[in-house]
Amino acid sequence: MAAALAPISFPHPGRRALRRRLADFLGWGLCGLAFLLLGSATVWILVVIFLRGMSALHLNLLTQVTQGTAGGLLNAIEGTLVLALGGILLALPPGLATGIYLAEYDRGRLASIIRFLADVLVGVPSIVVGYFVYVAMVIAFGWGFSMAAGSVALAIIGLPYICRTSEMAIRQVPRSLRDAAFALGASDARVTFTISLPIALPGITTGILLALAIGVGETAPLIYTADWSNYLWTGHLTKEPIGYLTYVIYAFITQPFESAHALAYAAALLVTLFVLIIGVISRMLLVRSSRAL
Amino acid sequence: MLFRKLMAALASIVAIVLLILVGFLAIYAWPAIRFNGLHFLVKNNWSLGFLYSDPILRHGQQVMPGAHYGILFLIAGTLLSTAIAVLLAVPIGVGAALFLAEGVPALLRPWLSFFIELLAAIPSVVYGLWGLVVVIPFLGHHVFPAMQKWLGFIPFFRGPAGSGYGLLTSGLVLTLMIVPLITATLRDALVSQQSHLRDAALALGASRYEALWTVQLPGVRRVLIGSSILATGRALGETMAVLMVSGNALNVMPNNIYTTISTMASFIVSQLDSALTDPTGMAVKSLAEVALVLCLISIVVNSLARVLLLYQDRMTFGVI
């Protein structure tokens, strides 16, 4: 017992405390520096895109179609929206059903396999999806460069996001509400459509917005599926190429014309603005839905 | 029960899409796999051959005379640019996550985090545009010459410093693209971690930073490894930004950190037009083989990451 009561000795207490404070200071400093580095990169990118984009913005962009490397962006804006919405339309039914299945009937092996594969599908590079759609739909099915091929590519890319966000949203619906509905004799479908989905709607919308933002910002999977067109979309699903904004950014910035650069900057500003606005909206939805529950 | 079966059937679409994707690419690329053999992965000679002569029969396949498809330089470019990105992104991402989780008031945290996560929302092609018009002139004129001068004694940093397009530029742009993935996942894990271990460390006299570094960070080790692997997968498959800043080298192995490169993903975009001029179709099929290799690599990498993250909170998925 006596040994335990022996006084604890601190070798050089002053120096040790100093060293610890120095380590603390350095540690926090480096962490802050990392944050600052990322923050300034964000500002740098946004400032470049906004400044150059604003000086290229023009009302003609919204009223004219592209002529060669000049003119407006009306065809590209329309094409981007058509392709992205087409992708959502294709991805929503299976995506939502997967979310419902994983959240409500998560028992057997199938659910865990599907969840795992959805996660793996997120990681498949978008260019691989694009090349698959190119060899399958554009060549083998004979669709040609078209709105349908582009939308299928975007749907495959957006599908896992819709799956997982709707699963999470439906999972947060209180069990007691659903049990009460079941106790009243409601069927599976009725519980899903009248209880789970309405409550989970903000979360599901977040997933759709996320997929929309990804679709609007994608380039690689569209280059060899949608190709590019100077004209407005005529409503044909196949055999007709369609333009989109990100193509303008990629292809026009390397052209040696001032007008082409202006179009690329304007397109970059429009795409970035769209993605940021969707990001803010979905974050607000997320906050509101977590408050509601 | 009918409803459940219907949902199960629709849910299987996700699995079926992935299987069809891999299966279709494999079947389409099969003649190229037979023709290229192991040569594909170990040689540096992507060449469509003499396109103006008649196709000949080699290894049982119709090809143009002199056609070779070796993509070692693509594998090197992909792995090296990803390695640079991950080596930079992990320490920066961890630092920013620690700062956001413990270094700022809880009231400010969502806003500052959102600010960093904007980096994940910016489309790849916008990174490419920024890299092309701003970063490349800056690096090529100021930073790389200085690096060559001051760091030239390190073998891989020796000149010539090049024009700004290349391996290091690609790595730096990729760093910014993957770092929010690590930061956001790790910050969520740190914030949702139970506080009793930290409290115990603080009670023992550890400072806030010591508790963070020695107790809290080791507690989320698995999340850090998982999200880093996930970020690796993202960097491996990144296309547009790399396409615009890498210089799109053909058949050259990088010999210093400034050399122009190509990655597998960017090569598919940059080469499809010329591959279509091959009347035998072997070039397009070989590109499909590139896509297949890239797809399989990303499936392996992502499976690994998911297995590691599976034991952790499933809700950390919500990063773009």
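All chains are named by letter (A, B, ...) in the order of the sequence lines, taking the proteins before the strands, and each is independently numbered beginning at 1. Note: hydrogens, waters and symmetry copies are ignored here, and every other heavy atom, side chains too, is used.
Scanning all heavy atoms of the two residues, the minimum distance from A/E218 to A/P221 falls at OE1-CD, 3.2 Å.
Residue contact with chain A, scored on non-hydrogen atoms closer than 4.5 Å, involves the side chain of B/L132 exclusively. With a 4.5 angstrom heavy-atom cutoff, B/L19 does not touch chain A via any of its atoms. Contact of A/R21 with chain B is not made at all, since no heavy-atom distance falls under 4.5 Å. With a threshold of 4.5 angstrom between heavy atoms, B/E102 approaches chain A through its backbone and through its side chain. Proximity to chain A involves both the backbone and the side chain of B/L272, based on heavy atoms less than 4.5 angstrom apart. For B/L100, the part lying under 4.5 angstrom from a heavy atom of chain A is the side chain only. Contacts between B/S266 and chain A at a heavy-atom distance below 4.5 Å are absent for every atom of the residue. If you measure heavy-atom distances from B/Y28 to chain A, the contacts under 4.5 Å come from the side chain alone. For B/V179, the part sitting under 4.5 Å from any heavy atom of chain A is the side chain, from C-beta outward, and nothing else. Interface residue B/Y127: only side-chain heavy atoms are found under 4.5 Å from chain A. Heavy atoms closer than 4.5 Å to chain A are found in both the backbone and the side chain of B/S303. Of the two parts of B/L276, only the side chain, counted from C-beta on, holds a non-hydrogen atom closer than 4.5 Å to a non-hydrogen atom of chain A. In this structure, the portion of B/L212 lying under 4.5 Å from any heavy atom of chain A is its side chain and not its backbone.
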Q.
Assess the residue pair B/V125 and A/Y247 against the criterion (side-chain contact (heavy atoms from CB on, under 4.5 Å)); give the C-alpha distance rounded to whole Å, side-chain angles, the decisive distance to 0.1 Å, and a yes or no.
A. CA-CA 9 Å; B/V125 69; A/Y247 178 89; over 6 Å; no
Do any side-chain atoms of residues 89-99 of chain B form donor-acceptor pairs under 3.5 angstrom with protein atoms, and if so which ones, sequence neighbours left out?
none

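Looking only at side-chain heavy atoms (C-beta outward), A/F274 and A/L245 stay at 4.5 Å or farther from each other.
Residues A/Y265 and A/F252 keep their aromatic ring centres 6.0 Å or farther apart.
Annotation: maximal heavy-atom pairing with chain B below 4.5 Å, among A/A41, A/S126, A/G123, A/A23, occurs at A/G123. By number of non-hydrogen pairs under 4.5 angstrom with chain B, the leading residue of A/A111, A/G217, A/P125, A/G279 is A/P125. Heavy-atom pairs under 4.5 Å with chain B were tallied for A/I113, A/V275, A/I45, A/L121; the largest tally goes to A/I45.
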